[in-house]
Amino acid sequence: MEAEHYEIAEFLGRYPPFDALPQARLEQLATRLEVGYYRSGNDIYKFGDEIHDFCVIRSGAVEIYRRNGKLYNRLSQGDVFGQLGLLMANRVRLPARAMEDSLIYFIPEALFYELCDEYEAFAYFVEIDEQRRLKKTVEEQQQESPLSGARVGSLIARNPVWISVDASIRQAATLMTEEGVSSLLVVSEQYPIDDSEEVHRSLAGILTDRDLRTRVVSQGVDIESSVVEVMTKSPITIDKDTYVFEAMLTMLRCNIHHLPVTSQTRPIGVIAISDIVRFESKSSLYIVSLIHRQQTVEELALVAKDVTSCFVRMVQDNASASMIGSAMSVIGRSFMQRLLELGEERLGPPPVPYCFLSLGSMARDEQLLITDQDNAMALSDDYNPAQHNAYFAELAQFVSDGLDKCGYPYCTGQIMATNPKWRKTVTQWRDCFAQWIDVPDPESLLNSSIFFDLEGVWGKTEWADELSQFIVDRAKNNPIFLASMARNALLRTPPLGFFKGFVMERDGEHRRTINLKRRGTAPLVDLIRVHAFAVGSAARSSFERLEAVMKANLLPEGRARELRDAMEYLTMVRISHQAEDVDEGHAPDNNIEPDKLTDAERRNLKEAFQVLSNGQRFLKFKYPYKRS
C-alpha cells in the first residue's frame, strides 16, 4: 500500500462513521475509493440523479439543498453525504453543490453496504439522520436510569393493610402492630347485591405512625374514638402505572412519607419513602426530610453541604434532566419553606396573609448547582405599610440571609423579597403584570422573563396560581406582547458558525469554551415560554409547556419534540459538566469545552444548537414584530 493510502486511512479514522472501523479496514477502504474535484458553484448531485457512492469531504465546503431549492445544511471537512440516496433506490433526494473548491472521496456502493453489514455503529450512523440521532441519544440516556423505567406498581411488596371507617383508634393501632406496618388504609366498604362480586372498597383516608404520635398521643385523644377523627382524609394517591420518578416528586413536593397506590381508582397498596430510596439511592427525598427536621439556620447550613453530592450521584445514576432539575428545585424550595417556618416562629404569626414566591429556574423545576436567589412576596390586599411593613421586611431578610448561608447566594440584581419593590399586594402584582404586558418596553420584558415563571412556596400558595393564570390570560390575547417577547428571545443565539462549527469565547478565563446556559438552555427557555403563553398554558416547566404546545398543534409536526430533545440534551451536557467540575474539585460552571467532548457528543451538541436556531427562525415568522 502506498504512502498516500496510509494518509487517507488516517484522515478517515478521525471522523465518524469511520472512527468505528478497525485500522485494517480503513487501510483497505483507502485503496478502493475514488477522488473527485469540484470547483466552487458546481453541482455534485442534482435532485433525481443516480447515485452509487458514499461521499466524504476531504477539503472545501458543500451545501446540501432540499428538493424545493431551500438550503438544508452546510458541510465541511470530514462530513459525509449521499447515504440517503443510496438507501432510497439510488436516487438523489438532497442535491449537493460545491460551495468552495472541494475534494471529495467517493466510496463505491458495494463497499458501503459491506461496511453497513459488518459494523453496527457504521450502519446506525448512516441510517439515522441527525435529528433522529439526537432523539435516540436522549431516549437511551433516559432508559439507562432505573427511575425512568420503573413503575410504582413494582414497588408494592405486599397486599394493602386496611381497616374500616367504623373502627376505633385502638383497633387501628393494634392492627398496625400485628401486621408490622407503619400505615393503614382506611376504607368504606360497599357490599354488592350479587354474592359472586367482590366487595368494593373506597379509600376514605390513611393513618400513619406519625398521625398516632402527633394527633393521638400528644393531643391526649381517647383511643376508643373513631379512626376517622385522626386519619388524613382524602389522601393524595397515585396510579400503579405511574413512573417511580413521578411518585418521588409527588412525595417531595407534598412532604408526605406514605403514598397510597391505586388501580382503576381502587387501593392496591402503599409505598413509603424507604421504597423509593431503594431506587433513588442518592436520596433527595432524604435531604428534604432532613431539611424539615432542622431547628436552626446553622443546622440547615450543615444539611446544605449534602446537596452537591446528591446532585452528582443523581448524574451518576443517569437520572434525566427533568428528574435532576425537579429534585434540586424541590430541595431549594424546602430550604425556603423551613426558613419561613423558623422565621414565623421567631417573629410571630404574620399580621396579614401572604405568599412567598420562588421565581425563575426554581419555579420551573429546572434548578441546577449554580444558582442565586430569585424570590418575592405577594401580600394580602389588607396589607398596611405603616403597620405591617416592618414584619415582612424582617421576615424577608431572615429568609434571604438563611438561603445565602445554605448555598443560595444573594441576587446581584436584587430580585429578592428583601427589596421593597418586590413586596406587593396581590392587586398591585396584578396591576404590575398588566403594565408589563400592555407596555412591553425593555425593562418590562426583562422583568417578565424572570417574574412570569413563579410558584408559591409558602402561605397562600393559591395566589401564585391565580397570578400565573392572570399572566397567561392577558398575554395570550396580546399579540404585541407576544411579538416583543419573541423578539427578546432572539437576542441570545446558539454558538454555531457558518459551517455549523462552534463559535467559542476567544479570550479571557473561558477561552475556547461555550457558556451552555447563556447560549443554549436559556434561549430555549425563552423561546418555549413565548409559545406556551400563545396557547394559554399556565405550566411552569419548559417540558410541561412543550407538552401543552404539542397538544395545541401550534408548531409544524415534530418541531416541539425536537425542541424537547434539544432541551434535554443541552441540559444533560450542562449537568454532566457541573458534576465533573465537582469531582475534579473545581467550582461548577456552565462553560463547556467542545474539544474535550467525543465526536458523537459534539455532533449531538451541534444538532441541538441547530434545533434551537431553527426554532428561533420560526419564532420570528410566527410572531412578527411591528414597530408602533
>> Applying ring-ring contact (aromatic ring centres under 6.0 Å, His included), can you list everything that pairs with His258, at least two apart in sequence or on another chain?
In response: none
> Side-chain donor-acceptor pair under 3.5 Å between His577 and Asp589, yes or no?
Replying inline: yes
> Do you know the tightest heavy-atom contact between Ala538 and Val472?
Replying inline: CA-CG2, 3.7 Å
> To the nearest 0.5 Å, what is the distance between CE (Met362) and CZ (Phe335)?
Replying inline: 9.5 Å
> Do Phe392 and Met377 come close enough that some side-chain heavy atom pair is under 4.5 Å?
Replying inline: yes
> Just wondering, do Ile268 and Asn159 contact through their side chains at under 4.5 Å, heavy atoms?
Replying inline: no
> Would you say the side-chain atoms of Gln295 pair up with the backbone N or O of Arg293, donor to acceptor, closer than 3.5 Å?
Replying inline: yes
> From Thr461 OG1 over to Glu455 CD, what is the distance, rounded to the nearest 0.5 angstrom?
Replying inline: 8.5 Å
> What residue among Ile331, Asp306, Leu368 forms side chain to side chain contact (heavy atoms under 4.5 Å, CB included) with Phe311?
Replying inline: Leu368
> Which pair of non-hydrogen atoms, one from Met328 and one from Val307, has the smallest distance, and what is that distance?
Replying inline: CE-CG1, 3.4 Å
> Can you tell if the side chain of Ser380 reaches within under 4.5 Å of the side chain of Pro353, non-hydrogen atoms only?
Replying inline: yes
>> If you compare all heavy atoms of Ala464 against all heavy atoms of Gly456, which two are closest, and at what distance to 0.1 Å?
In response: CB-N, 3.2 Å
> Hey, is CZ on Arg346 packed in by over 12 heavy atoms from elsewhere, all under 6.0 Å?
Replying inline: no
> When the ring centroid of Trp463 is compared with that of Tyr354, is the distance short of 6.0 Å?
Replying inline: no
> How many angstroms lie between atom CZ of Arg210 and atom OG of Ser183, to the nearest 0.5 angstrom?
Replying inline: 13.5 Å
> Which atom names give the shortest non-hydrogen contact between Val221 and Ile169, and what distance separates them?
Replying inline: CG1-CD1, 3.9 Å
> Is there side-chain contact between Leu203 and Thr237, with at least one heavy-atom pair below 4.5 Å?
Replying inline: yes
> Between the side chains of Asp465 and Ser468, is a donor N or O closer than 3.5 angstrom to an acceptor N or O?
Replying inline: no
>> Treating Thr174 as the side-chain partner and Arg170 as the backbone partner, does any N or O pair qualify as donor plus acceptor under 3.5 Å?
In response: yes
> Does NZ belonging to Lys460 count more than 12 external heavy atoms closer than 6.0 Å?
Replying inline: no
>> Under a 3.5 Å threshold, yes or no: a donor from one side chain and an acceptor from the other, between Ser329 and Glu366?
In response: no
>> Using every non-hydrogen atom in the two residues, find where Val261 and Asp239 come nearest and quote the distance to one decimal.
In response: CG1-C, 4.2 Å
>> Would you compute the distance between atom SG of Cys432 and atom CG of Asn447 and round it to the nearest 0.5 angstrom?
In response: 7.0 Å
> Does one side chain, of Arg215 or Thr232, offer a donor that lies under 3.5 Å from an acceptor on the other?
Replying inline: yes
> Does anything in residues 389-400 pair up under side-chain hydrogen bond (donor to acceptor under 3.5 Å, both in side chains), and if so which pairs, sequence neighbours excluded?
Replying inline: Gln373-Ser400, Tyr383-Asn389, Asn389-Arg423, Gln397-Asp401
>> How long is the straight-line distance from CG of Leu300 back to CZ of Arg338, given to the nearest 0.5 Å?
In response: 7.0 Å
> What do you reckon, is CD of Glu557 surrounded by more than 12 foreign heavy atoms closer than 6.0 Å?
Replying inline: no
> Side chains of Thr427 and Asp381: donor-acceptor distance under 3.5 Å anywhere?
Replying inline: yes
>> How long is the straight-line distance from OH of Tyr410 back to CG of Asp372, given to the nearest 0.5 Å?
In response: 12.5 Å
> Does a side-chain heavy-atom distance below 4.5 Å link Leu555 with Leu563?
Replying inline: yes
> Do Phe433 and Phe470 make the cut of ring centroids closer than 6.0 angstrom?
Replying inline: no
> Would Trp429 and Glu466 count as a side-chain hydrogen bond (donor to acceptor under 3.5 Å, both in side chains) if you check the C-alpha gap in whole Å, the side-chain angles of each, and the deciding distance to 0.1 Å?
Replying inline: CA-CA 11 Å; Trp429 276 118; Glu466 292 167 7; over 6 Å; no
>> Side chains of Leu357 and Val457, heavy atoms from C-beta outward: is any pair under 4.5 Å?
In response: no
> Less than 4.5 Å apart, any side-chain heavy atom of Thr262 and any of Ile238?
Replying inline: no
>> With salt bridge (charged side-chain N to carboxylate O under 4.0 Å, His left out) as the test, pick out the partner of Asp365 among Arg333, Arg540, Arg545.
In response: Arg333
> Tell me the salt bridge (charged side-chain N to carboxylate O under 4.0 Å, His left out) pairs involving residues 570-582, sequence neighbours left out?
Replying inline: none
> What are the two closest non-hydrogen atoms of Leu184 and Leu175, and how far apart are they?
Replying inline: CD2-CD2, 3.8 Å
> Side-chain contact, heavy-atom cut-off 4.5 Å: Arg364 with Ser542?
Replying inline: yes
